[in-house]
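Structure, as structure tokens:
Chain identifiers are assigned alphabetically (A, B, ...) following the order of the sequence lines, protein sequences preceding nucleic acid strands; residue numbering begins at 1 within each chain. The model shown is predicted, which means the values in this text are computed figures rather than measured ones.
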There are 2 protein chains.
Amino acid sequence: MTGYTATVTVRLKHGVLDPEAETTARALERLGFELEALRSADRFEIDIDADDADEAADRAGEMAERLLANPTIHDYDVEVVERE
Amino acid sequence: MTGYTATVTVRLKHGVLDPEAETTARALERLGFELEALRSADRFEIDIDADDADEAADRAGEMAERLLANPTIHDYDVEVVERE
């Protein structure tokens with residue numbers, strides 16, 4: 001067993017309205033910042049012990065499917081690195 | 001001017017309690033997943049037009065300082081890539 005950290009990034013699908021990001025973008029503009037667009041996402045860093053990186057990625061992907069992401073409105077991606 | 005996307009990741013500082021992450025970790029365990037730890041973070045992807053990547057990173061860092069992160073409880077990091 002090796003220790004891995006799987007990072008699951010959960011984003012709204014293209015076309016799904018994101019009022020929180022909209023509000024954040026407007027607030028930055030009111031502070032004088034110039035920006036073209038802003039998207040927000042949730043990021044989960046999960047420490048998993050697994051036999052190899054593929055197994056860790058599979059388990060993190062299943063966690064995303066079952067709980068972390070809502071497949072109707074979210075896309076997600078998984079990255080795995082070995083933990084020090 | 002070139003188009004860049006700056007990704008600002010905002011994390012709770014080490015030692016700051018994260019009840020949402022705690023709840024998510026327990027929910028995953030109730031679903032039968034094994035994990036050692038779970039940390040959550042906010043991720044902002046900001047499209048910025050700037051003269052170079054350093055300027056884009058500086059502006060994104062300033063956005064984090066002024067609005068996206070609360071320096072009392074958050075750490076943040078900024079990554080910049082050129083936008084296609």
Please flag which part of B/T5 lies under 4.5 Å from any non-hydrogen atom of chain A: side chain, backbone, both or neither. side chain

Option that, when pairs with chain B are counted at under 4.5 Å, heavy atom only, ranks first among A/S40, A/A27, A/A37: A/A37

Identify the two heavy atoms, one from B/R59 and one from A/F33, that lie closest to each other, and give their separation to 0.1 Å. O-CE2, 4.1 Å

Neighbours of chain B found in residues 11-24 of chain A - heavy atoms under 4.5 Å: A/R11, A/T24

Decide side chain to side chain contact (heavy atoms under 4.5 Å, CB included) for B/E36 and A/D49; before the verdict, give the C-alpha distance in whole Å, the side-chain angles of both, and the deciding distance to 0.1 Å. CA-CA 7 Å; B/E36 307 308 306; A/D49 289 347; 3.4 Å; yes

What's the spacing between A/I48 CD1 and B/L35 CG if we round to 0.5 Å? 7.0 Å

For chain A, which candidate among B/L31, B/D42, B/T9, B/T7 shows the most heavy-atom pairs at distances under 4.5 Å? B/L31

CZ of A/F44 to CG of B/L28, rounded to nearest 0.5 Å, is 8.5 Å

Please list, in residue-number order, every residue in residues 70-80 of chain A that has a heavy atom less than 4.5 Å from any heavy atom of chain B; write 'none' if there are none. none

Between A/D47, A/V8, A/I46, who has the most heavy-atom pairs with chain B when the cutoff is under 4.5 Å? A/D47

Return the option, out of A/E62, A/E45, A/R83, with the maximum number of heavy-atom pairs under 4.5 Å with chain B. A/E45

Check whether any side-chain N or O of A/R43 sits under 3.5 Å from a backbone N or O of B/R39 as a donor-acceptor pair, and report yes or no. no

For the CE atom of A/M63 and the CD atom of B/E34, what is their distance to the nearest 0.5 Å? 9.0 Å

